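Working notes for the structure below.
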Amino acid sequence: MGVNKQNCRNELRTAIQQLNDRCLYSASKWAAEQLVGIEQDPTKYPPSHTRLQRDSSSILRRFHCTDEITSTPIAGTSYVSTPVLEEDNGDVDSDLYVLAKSYFNCREYRRAAHVLSDQTGSKALFLKCYALYLAGEKRKEEETIELEGSLGESNTVNSEIVSIERDLAAVRKNGSIDSFGLYLYGLVLKAKGNENLARTILVESVNAYPWNWTAWLTLQSLCTTIDTLNGLKLHNHWMKDFFLASTYHELRMHNESLAKYDYLQSTFGSSNYIKAQIAKAQYSLRDFENVEVVFEELLRIDPYRIDDMDMYSNVLYAKECFSGLSYLAHQVFLTDKYRPESCCIIGNYYSLKGLHEKSVMYFKRALKLDKNYLSAWTLMGHEYVEMKNTPAAVDAYRRAVDINPCDYRAWYGLGQAYEMMGMPYYALHYFKKSVFLQPGDSRLWIAMAQCYERDEIRMHEEAIKCYRRAASCNDREAIALHRLAKLHSELGQNQEAAFYYKKDLERMEEEEREGPNMVEALLFLATYCRAQERYEEAEVYCTRLLDYNGPEKEKAKSLLQAVKLAQSGFP
Amino acid sequence: MAGMVKGQSGGFVMTPHKVSICILLQVYAPSGQLSVPYPFDSISQHNRLGLFLIALTKSCDDILEPTLDEFLKLLKEFGVLYNWLTDHVTGRLSSLSSPDDLFTFFSELRGILAGLETSIIDDDQINLDPNSNLGMYLRRCMLAFNTLSFEGTCHLLTNIKTYCKEVFSPYEMSHLDDASNDPEAPLEYENMDLENIVLQNFTEELESRKRSNERVPFHNHSSKALFSLVEDITVSPGQKVKRNHRSQMQTQPPSVESSDVRTNWQIQGYMSEQADMIEKLGSSFPMSAFESVLKLLQKVAPELHRVHFLRYLNSLYHDDYSAALENLSRYFDYSAGMEGSDFVPPLSCMNNGRYEIALLTLGMTHFHFGHPKLALKVLTEAVRVCQMHSDDTCLAYTLTAICNLLSEVGISNITGIMGASDSHVSTSMSVQQQLFLLLRRTLKRADSLKLKRLVASNQLALAKFDLKHVQRPLLSFGPKASIQLRTSPTNVCKKLRLSSQLIHQFDNESSVVTIDGALSTSWLKNQRKPTTTLVFPPESGPESNRDTFYSWLQSSSVPGSVLQLVGSSYLVSATSWELYGSASLAQSNALLFANCFADSSSSADLALAYGKLIQHLAVYKGYKEAFAALKIAEAKFLSVSKSGILPVKLQLLHERALHRGHLKLAQQICDELGVLASSVTGVDMEIKTEASLRRARTLLAANQFSEAASVAHSLFCKCYKFNMHVENATVLLFLAEIHKRSGNGVLGIPYALASLSFCESFNLDLLRAAATLTLAELWLLLGPRHAKRALNLIHSAFPIILGQGGLELQSRAHIAEAKCYLSDSSISVSEDPDIVVDSLRQACEGLEALEYHEMAAEAYYLMAIVLDKSGQMEQREEAAARFKQHITALENPIKPEDPLVNLL
């Protein structure tokens, strides 16, 4: 194993304390979760210690069939050991620091900053600037609401940023900045839009102090392409693996991301965070079964968890699991109803019940809480489509796309909306975008093909190309093959049509499906084979057709007769 | 959408600038004072302040309010009591230090309004009438203040503080340094006001362009237009003093003004103004500078979707295909076509959106980028959607767009594109017939919908169609006797007249339709309308005369789009006269356009008009004058390389190189022209045919007859395929010319005759004269027996050639005439040399102006022979010497120190 568990544990323990000391609570929360997530040796500890880890082995077994393979190559990498930070504890100042921290904990940020205004230690400086930053953020939020005008003005800025930046830049220049200061500096630079410098600074920060997960997350938000990611000069610390796994997911490299998480799970075997992340990746790969298992597991261990639960609700929605979804909605509602995720889950529930107005209301609430909440925009668009309010749907989808131009669902939704309005040609532009982003999804290809097939434009050649793509990427509902065969036969390309009918037939046999498609395929093939003078094959198809009732049966009979006649006529 | 609906209510927002106006108002009308209040010396001083205040209040809807610094400058220009007023305003502003101060200030203001109920009007007391201009303004301010929440008051207070701070510490350069260090980073939030960004970026762009391209000079006109763009933003209201913009821009410190967004109304006005500007200036509009303004606007006002439309326009005119498409779809996704388009009547169908407009726009975008087939597909879909939503207006516009597309882009076959679903055209007819039908139906539709502009533009399109197409009866049965297969110039003329009638309709209308906030800025614009620079050679007309004569054209009651339309009708009529062979009428129409519609038309149209005028000069006056004019024209356009001037220049250079015998150079120029016609920037059939015709001519000049003929043949085929019959007449004539040059008269005659018949059916009189001349020359080639016939032909063409023909044509005619006389045995030249010598002399003059060595040599040669026969030895020697001169010039095309060569 690449990571020594005990070392890891020690590092994390120190880090949690240091992060807490600097009021970086979410980073410390994350670190603590990972600390508990390191698998204990069950022989050494009584079961009460592992309460939060129980049953994790069952998930492990499910997903760790590939464990050996993926972990071996990476296991050879040697990690740098980053020395744990020495604390500067001046006795006199520490009293003031404690006071400031208490203020900070009571959310009196300016007061906290004021207490530390004369302090010079890097710890004090960081807390001062951080408090100021948060004060500015809070004021910004308030101002956004105060100034909300007709045009949705949002030019409110964090007014503290300039002074914080000036202070931090000065400290950095004389070299006395610590890694936390660098993190804050990076944050401020990002807010100002100076992304390149922000990236450099953040890399410096995480290299000096890798356990600050929020710094990694900020860095991640600045890595929008794989090239920028590869261009980062990061030290080889095990935290980097977490970072890479998460960033790969953002860059839609789901398999790479899964491999990384698998590897990490060898150390952090019972980390809920990793489990949820694995579920996320699998969700993107549309592996709903596994996702559901993981989330059931997670909810059992950590029943009050809200993070990522919106995704679970999506899975339940897709599986049309009414009771499960309502249970989940009830749970999160009781836990914290003013979380965007909670609203989204409730919205999903109502949507499943077909109460679209109510659903929209909850999505709107979710968006009020977080207006950059991507999936809520998209889901709201879906609801509007259901309500036949296409302009509103288009608006919602477009907002999703503007937040993240890689959201193929929203592009697809846009296409669908325009198709509904009878503008298939215009819709194609959007379908193309969505297909470009998610070329492996047969549903998108089929949607685009159907758009090409529309009466208004009738671009059958293009439709065939799309269906072909759909058929080649695991078309679950098996629409593509049938449509391909049909289109080819409509275009008079009988050979191709026969090929696809045959394929479709084979597939139907495999999946033991019956239905009108089967009859159609058999009839075509029988006729085709007779025309090709492949009488024996034709006979087989005809006899199979005889099993079905309806006009086809009669047709099959007459065909059979003709075949027999032809066979006897020309020995 | 929701944001837009909300928008109209909160129109008037309190700003620091308005507070300072209120302070001045208080000075103007202090409550309970006597007739001349304290600081004023006389009533006239007092009145002047009043007028000044009225001017200020009228411009309160402008997009950007002046900073305190600018405001104080204005006060200074106003002059009276400057120091006292400045001190008072700044003192009063800085004394506002708590919200309560603001409350007291506004309650004091209430006192200066005369109460409505106090009917006793004391003459000595100054009270503002609540219904007067200033009174209304004051009341609006007070209302706006009273509706503010406490937070709003606090914001006003902080805004006032920043507003004042800027004056007291104007040179806080640190922010500027910071921003200029990193051009990638968005500008500092602190100086986030539009004007500085525009100014900075604009000057930067200006300077960099200047540095990078010395050959593209910045001349008054274009830069003035651009500066006026800046001016719209920076120049403070009521100000008529001309300033040196550039120096001002460089010295102006970054003003740290609070960056509150102005009202919806103001921004809409600003944006429609900018949109007009983009459309007018085309690619010479400063792209990146404006883009950054738009980005800022978008950030500041995310619900203002029109920004996306402007971004679309901006990228459209700078040939950024993907950005244009992206912004277009974004705009329509957000606005659903409900916002900002001029022709949308606020009718029912509110919930459905008007996405057909998106299709229409998308179609025109594809058209702009030269994808006619895509455009047609999109437009057909637009037609269908329009019909589905029964949106007649949009349908009319869409059909017009289709007509434009069909007529301007050569599409040989539209079956399969238009599809069977389109009921407007049946597929059995040729493209031209379909187009004609479509045009007529569109016209009718537009007429019934009372869309005046559309009617005019349809009439224009019909005129263009009539100009170049012979109308065949659509039914092929019945008596055919009365069919006259000719174009009808009277129809063209009539339609052109009708379309320019439009202006009278708009002139007569008293109610002016203004869109959004256009009016709020137009008040100021009229105040400082620059005296428009005269576009073409200043000596061509006294400026003042024109200004008074056409001032009605520029009165703001006629919308710009109408002016543009009327302008293009003049341009079309210039072209029509060019074709019909009346040089003088063509020139006068082009001149009219260039003079009267330069301000309202797009730069592309203007370039076209200039091009026509320059070519006219080249043909009738020789190259020297043409190039002088070209220089003037080039100076007027910001980037020559993108404007329509470049092809004209290349044509001129090519012509000249051919005449002087610089074949290599000619070939090089030809290639350049070919590049212009490449399909990268969309297919322009006109330039394409022009380029290949010139290629053939170059080959002919190099005596490569068969190559020239094959190029001409393929050109003929292309023209035939795309129904370009007018061009075909030229090509046929050129083929005849090739045979003439190769000495094969018999083969040439059929081509000349064919060309003649084409000319006749299209009424191309001048070309017909030229064809007749060529025919005569061909006859002459067949031997002296045919001299008489040739002479007759020449004489029949003479009236038009001498009246309308260019120098080259005239000289050719003269030479041909002389040749006829010389070869005609019945006429003895030695007895009466004058009949020949006179015309030869004229030919020589013309050809020397054209520097056409080859023909000049021929003329002098003939002259020498005639003079020799008639025994005028001295003159003969002279003619011979000139002959030799031209021959050597032709044979040794020495690289002269020709300044024009490096024009390339």
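Per chain, numbering begins at 1; letters A, B, ... match sequence-line order. These figures come from a predicted structure and were not determined experimentally.
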Taking the side chain as everything from C-beta on, heavy atoms only, tell me whether B/T15 gets closer than 4.5 Å to B/N159.
no
Interchain contact, A/K433 with chain B, by part (heavy-atom threshold 4.5 Å):
side chain
Would you call A/K140 and A/E143 a salt bridge, using N to O less than 4.0 angstrom?
no
What part of B/V385 lies closer than 4.5 angstrom to a heavy atom of chain A: side chain, backbone, both or neither?
side chain
Salt-bridge present (A/R454, A/E419; N to O < 4.0 Å)
yes
Between A/Y418, A/Y425, A/Y426, which has the largest tally of heavy atom pairs under 4.5 Å with chain B?
A/Y425
Backbone N or O of B/C154 within a donor-acceptor pair of the B/T158 side chain at under 3.5 Å?
yes
Between B/Y331 and B/F309, what is the ring plane arrangement, given parallel below 30°, perpendicular above 60°, and tilted in between?
tilted
Under 4.5 Å from any heavy atom of chain B, what part of A/Y397 do you find: side chain, backbone, both or neither?
neither
Could you look at B/S149 and say if it's the side chain, the backbone, both or neither that has a heavy atom under 4.5 Å from chain A?
neither
Largest heavy-atom contact set with chain B, pairs under 4.5 Å, which of A/L197, A/D402, A/V401
A/D402
Answer with side chain, backbone, both or neither: which region of A/L414 has an atom nearer than 4.5 Å to a non-hydrogen atom of chain B?
side chain
May I ask you to check whether A/Y412 and A/D407 show a side-chain donor-acceptor distance below 3.5 Å?
no
